[in-house]
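To start, the structure itself, in structure tokens.
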Amino acid sequence: MAFLCLLSLLLVGVLSKSQLLIAELNDQATLLAIHRELSVPGWGVNNSKFCDWTGVDCDLNQSFVVKLDLSGLQLRGNVTLISELKVLKWLDLSSNYFYGTIPSAFGNLSELEFLDLSLNKFGGVIPRQLGSLKNLRYLNLSNNVLVGEIPDELKSLRKLEDFQVSSNKLNGSIPYWVGNLTNLRVFTAYENQLGGEIPDNLGLFSELKLLNLHSNQLEGSIPKSIFASGNLEVLVLTQNRLTGDIPELVGNCNGLSSIRIGNNVLVGVIPKAIGNVSGLTYFEANNNHLSGEIVSEFAQCSNLTLLNLASNGFTGVIPPELGELMNLQELILSGNSLFGDIPKSILACKNLNKLDLSNNRFNGTIPNAICDMSRLQYLLLGQNSIRGEIPLEIGNCMKLLELQMGSNYLTGNIPPEIGHIRNLQIALNLSFNHLHGPLPPELGKLDKLVSLDVSNNQLSGTIPPALKGMLSLIEVNFSNNLLAGPIPNFVPFQKSPNSSFFGNKGLCGQPLNFACGNLNGPDDKNYHHKVSYRIILAVIGSGLAVFISVTVVVLLFMIRERQEKASKSAGISDDGASNRPTIIAGNVFVENLRQAVDLDAVVNATMKDSNKIYCGTFSTIYKAVMPSGLILSVKRLKSMDRTIILHQNKMIRELERLSKLCHDNLVRPIGFVIYEDVALLLHNYLPNGTLIQLLHESSKQSDYRPDWPTRLSIAIGVAEGLAFLHHVAIIHLDISSGNVLLDADFKPLLGEIEISKLLDPSKGTASISAVAGSFGYIPPEYAYTMQVTAPGNVYSYGVVLLEILTTRLPVDEDFGEGVDLVKWVHGAPARGETPEQILDARLSTVSFGWRKEMLGALKVALLCTDSTPAKRPKMKKVVEMLQEINQN
């Protein structure tokens with residue numbers, strides 16, 4: 001009997017070892033299959049054991065895969081095979097290009113504790129099978145294109161601590177069972193289409209720390225339950241339809257650092273219990289229907305950095321106790337019914353960056369010591385009843401970017417000291433006051449100012465010629481004053497509408513249609529004589545113009561007729577077909593496009609300047625419309641010799657290889673044409689042009705000005721494309737904003753990829769310029785190395801990032817002789833300028849959050865453009881830093 005027991009134990013041991021071996025072989029086979037599907041970089045190297053592969057962790061016995069981290073590898077493909085790793089506890093597939101539905105087979109991963117599928121393109125509904133993952137503690141499905149409702153099957157995830165479904169297209173309501181998840185610490189569902197009420201048990205049975213539901217269609221009141229545990233640290237409910245008041249229980253949460261409840265329909269007063277929230281850093285409640293007085297208890301929140309109560313119904317005075325907030329950077333109280341003086345105690349807030357009191361009923365005077373707040377950049381006092389004179393000390397606000405004092409009762413002269421505020425750039429608005437006296441010539445020193453409005457005052461005298469020093473001026477308004485004399489001949493003045501000068505009886509010159517010297521008016525006899533002479537001259541001039549026009553038209557018809565006769569005698573058809581150059585070689589790599597592409601039509605399109613889109617360092621881009629209706633972008637290489645033809649086979653092989661590069665942020669060739677010594681490369685047409693057009697041309701025409709989230713998304717996309725090129729050992733020859741193309745959704749695609757392979761001077765495949773790259777983007781070390789390197793690419797990318805942040809061209813006369821964008825930015829501290837003053841103020845002033853992200857991106861740009869190549873980060877690190885800014 002004992003023998004039988006011993007034999008049984010041995011058999012069990014053998015079976016267990018056999019099962020372990022089978023399981024181990026299963027995991028290895030599964031990983032190899034996953035590698036075949038996804039082509040994971042670093043897998044299968046030197047036949048190493050699978051537990052040593054990148055992103056793979058095994059158990060202590062090195063038998064089973066327990067962790068798989070494939071985040072940020074630009075992968076795409078079917079991920080269902082991963083469900084075969086039966087003891088997997090950690091799965092991170094974030095920041096890739098996976099699409100299709102989330103595999104329901106993931107519900108079979110019964111040991112799974114961590115699942116992150118964020119920042120992909122997964123669509124469809126959330127699989128209800130995920131409710132089978134009983135051990136799951138972390139679930140992140142954010143930043144995909146998921147639709148439908150949050151499935152009720154997920155209520156089985158009792159251990160869930162972190163639940164994130166933000167930035168999708170989910171609808172329905174937030175399920176009531178979310179409040180019953182007793183371990184829940186983090187819940188984010190922002191940027192969806194969720195409606196209904198926030199469950200009134202949310203946070204009641206858990207120690208909820210972060211709740212972010214902004215940008216939905218939520219209704220009802222803010223539940224008291226979310227403050228019940230006292231552990232809440234971040235609350236973001238902006239841009240919903242919430243009603244009711246702010247619960248008094250908010251005072252329970254001492255560690256609450258951020259309260260953002262703006263853009264709702266909240267009513268009532270701010271509870272005095274807000275003073276108990278000692279960790280409060282941000283409080284935003286703008287664009288609601290809140291009322292009552294601003295509570296002095298805010299002064300007890302010593303860490304408060306931002307207080308935004310704009311566009312509500314607050315009354316009373318500003319509590320003087322707010323002057324105790326030494327860390328306060330932004331105080332935004334515009335659009336209320338506040339009155340009284342600007343409290344002098346506020347001047348003690350030495351870190352205050354923005355003071356916005358506009359559109360209230362303040363009726364005191366401007367404190368002489370207003371500039372004691374040495375870091376003040378935005379002083380917005382317009383649309384009040386402020387009286388008295390503008391203090392001369394205003395000139396001490398050396399860091400001001402914007403000064404708004406319009407629509408008040410200010411008297412006296414415009415102080416010349418304003419001309420000392422050399423950083424003033426966004427606007428100087430003194431309109432609709434009772435200012436008198438002359439315009440100070442010192443205003444001409446404001447060479448960065450974009451907008452000047454002194455309209456509707458009693459200003460007299462002439463417009464000083466010294467105002468020509470305002471080189472950045474775009475908008476100007478001198479209307480409804482007592483100004484006289486000629487308008488200075490200055491482009492910003494001449495381009496302004498004549499209404500900018502109306503209401504000044506003594507002004508003359510352009511753009512007013514009233515010549516100087518005619519100050520006696522239209523009744524003067526000389527005026528009639530001059531008008532008569534002008535009419536006679538106009539009639540004679542018109543006759544000559546008609547005669548010349550007719551003559552030119554006749555000559556053109558004669559020339560056309562001779563050309564047609566010559567063509568017919570030479571046997572040329574009407575469409576000029578026999579004039580077409582002979583195509584030596586051509587192909588379309590994409591099978592389903594071959595029928596739609598006409599190679600002759602491609603060649604013809606490049607013969608017309610009207611089709612030219614962009615002229616780069618190494619190529620000219622044309623738009624080509626095929627007879628099929630397909631629109632292509634055609635790149636004509638700037639080769640001045642026959643090296644293209646001599647290396648034709650190699651070129652075709654390279655193009656075919658590059659056409660198979662799989663990355664969403666790269667422009668890949670779809671075909672080519674070679675004729676004579678010309679090479680044409682075919683690409684998909686991208687309708688939104690280039691980044692350089694988006695940043696510089698559209699902003700001038702005011703058609704579309706890309707906001708900061710769009711710009712950051714573009715910056716990340718370009719960085720990801722360049723990082724991928726470096727990963728596959730390709731160095732780009734010409735990184736510039738002109739070579740970043742934008743699709744219909746403003747997704748960036750880095751162009752000119754082929755140049756690095758087809759026109760590489762180090763390999764003797766073409767004679768190109770000694771300078772590789774576009775002016776302003778070339779790294780400083782190229783002058784002595786004459787080599788294009790990966791660190792050099794990082795520098796060029798840094799210039800593009802600075803362009804995105806500043807909306808300034810890489811080379812601009814405004815920087816001064818010998819100074820480009822990089823030197824101008826790096827030289828800011830020496831000029832006494834803060835980082836904020838470098839940024840495009842039209843973006844950085846929109847919100848504290850945008851400015852914070854822009855400052856973070858500026859740090860990345862400064863690292864990229866370091867003069868020492870070795871100190872520049874690798875592109876993979878640049879992507880990580882920018883993604884961190886975006887996620888935060």
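The structure places CG of Leu112 at 11.0 Å from OG of Ser83, a figure rounded to the nearest 0.5 Å. A distance of 6.0 Å separates CG in Leu146 from CG in Leu141, rounded to the nearest 0.5 Å. Of the inter-residue distances, the one linking Leu194 atom CG with Ile150 atom CD1 reads 5.5 Å to the nearest 0.5 angstrom. Here SG of Cys301 is found 11.0 Å from CG of Leu328. Values are rounded to the nearest 0.5 Å. Put simply, OH on Tyr138 and CD on Gln164 are 4.5 Å apart, with the number rounded to the nearest 0.5 Å. With rounding to the nearest 0.5 angstrom, the CG atom of Leu333 is 11.0 Å from the OG atom of Ser311.
In this structure, a donor-acceptor pair under 3.5 Å is absent between the side chains of Glu884 and Asn886. In this model, a donor atom of one side chain and an acceptor atom of the other lie less than 3.5 Å apart for Tyr176 and Asp200. Between the side chains of Asp27 and Thr30, not a single donor N or O lies within less than 3.5 Å of an accepting N or O. There is a side-chain donor-acceptor pair under 3.5 Å between Glu191 and Ser167. Side-chain N/O atoms of Tyr282 and Glu330 include no donor and acceptor closer than 3.5 Å. Side chains of Asn180 and Asn201: a donor-acceptor N/O pair is present below 3.5 angstrom, by distance only.
The shortest heavy-atom contact between Gln239 and Ser215 is OE1-OG, 3.0 Å. The minimum heavy-atom distance between His289 and Asn312, with the atom names listed, is N-OD1, 3.4 Å. For the pair Ile222 and Pro247, the tightest heavy-atom approach, listed with the atom from each and the gap, is O-CG, 3.5 Å. Across all their heavy atoms, Gly77 and Glu37 have their closest contact at CA-OE2, 3.5 Å. Closest approach of Leu170 and Asn192 over heavy atoms only: N-OD1, 3.0 Å. Here the closest heavy-atom approach between residue Leu213 and residue Asn216 is recorded as O-ND2, 3.0 Å.
With salt bridges taken as basic N to acidic carboxylate O contacts below 4.0 Å, one links Arg137 and Glu161.
The shortest distance between side-chain heavy atoms of Lys169 and Gln193 falls below 4.5 Å. With contacts defined as side-chain heavy-atom distances shorter than 4.5 Å, the pair Arg711/Asp840 qualifies. In this structure, Leu338 and Ile294 have side chains that are in contact, with non-hydrogen atoms separated by less than 4.5 Å. In this structure, the side chains of Trp708 and Met854 come closer than 4.5 Å at one or more pairs of heavy atoms. Side-chain contact between Leu117 and Phe106: present, with at least one pair of heavy atoms (C-beta onward) separated by less than 4.5 Å. Side-chain contact between His663 and Tyr97: present, with at least one pair of heavy atoms (C-beta onward) separated by less than 4.5 Å. Contact of the Leu839 side chain with the Leu855 side chain is registered, since non-hydrogen atoms from C-beta on lie closer than 4.5 Å. You'll find the side chain of Trp850 reaches within 4.5 Å of the side chain of Pro709, heavy atoms only.
Of the candidates Glu113, Lys89, Lys159, Asn135 forms a side chain to side chain donor-acceptor pair (under 3.5 Å) with just one, namely Lys159. If you run side-chain contact (heavy atoms from CB on, under 4.5 Å) between Leu290 and each of Ile246, Asp245, Asn336, only Ile246 comes through.
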Ser166/Thr188 under side-chain hydrogen bond (donor to acceptor under 3.5 Å, both in side chains): CA gap, chis, key distance, verdict | CA-CA 6 Å; Ser166 306; Thr188 69; 2.9 Å; yes

Under the side-chain hydrogen bond (donor to acceptor under 3.5 Å, both in side chains) rule, what do Gln883 and Glu720 come out as? Steps first, then yes or no, please.
-> CA-CA 10 Å; Gln883 284 179 338; Glu720 287 179 333; 2.8 Å; yes

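Note: His35 and Trp43 have tilted aromatic rings, judged against thresholds of 30 and 60 degrees for the angle between ring planes. Ring geometry for Phe283 versus Phe298: interplanar angle over 60°, hence perpendicular rather than tilted (30 to 60°).
Side chain of Ser229 to backbone of Asn231: a donor-acceptor contact under 3.5 angstrom is found. Within the 3.5 Å criterion, the main-chain N or O of Leu139 finds no donor-acceptor partner in the side chain of Asp116.
More than 12 heavy-atom neighbours from other residues, nucleotides or ligands sit within 6.0 angstrom of NZ on Lys747. The 12-atom threshold is not exceeded at NZ of Lys877, counting heavy atoms of other residues, nucleotides or ligands nearer than 6.0 Å. For Lys209, the NZ atom sits in a loose shell: 12 or fewer heavy atoms of surrounding residues, nucleotides or ligands are nearer than 6.0 Å.
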Do any side-chain atoms of residues 249-273 form donor-acceptor pairs under 3.5 angstrom with protein atoms, and if so which ones, sequence neighbours left out?
{"residue": "Ser257", "atom": "OG", "partner": "Glu233", "partner atom": "O", "Å": "3.1"}
{"residue": "Asn264", "atom": "OD1", "partner": "Asn240", "partner atom": "N", "Å": "3.2"}
{"residue": "Asn264", "atom": "OD1", "partner": "Arg241", "partner atom": "N", "Å": "3.3"}
{"residue": "Asn264", "atom": "OD1", "partner": "Leu242", "partner atom": "N", "Å": "3.0"}
{"residue": "Asn264", "atom": "ND2", "partner": "Leu237", "partner atom": "O", "Å": "3.0"}
{"residue": "Asn264", "atom": "ND2", "partner": "Ile261", "partner atom": "O", "Å": "3.1"}
{"residue": "Asn264", "atom": "ND2", "partner": "Gly262", "partner atom": "O", "Å": "3.1"}

May I have the list of side-chain donor-acceptor pairs in residues 121-132 shorter than 3.5 Å, sequence neighbours left out?
{"residue": "Lys121", "atom": "NZ", "partner": "Asp664", "partner atom": "OD2", "Å": "2.6"}
{"residue": "Ser132", "atom": "OG", "partner": "Gln129", "partner atom": "O", "Å": "3.3"}

With a cut-off of 3.5 Å and sequence neighbours excluded, list every side-chain donor-acceptor pair involving residues 64-72.
{"residue": "Asp69", "atom": "OD1", "partner": "Ser71", "partner atom": "N", "Å": "3.1"}
{"residue": "Asp69", "atom": "OD1", "partner": "Ser71", "partner atom": "OG", "Å": "2.8"}

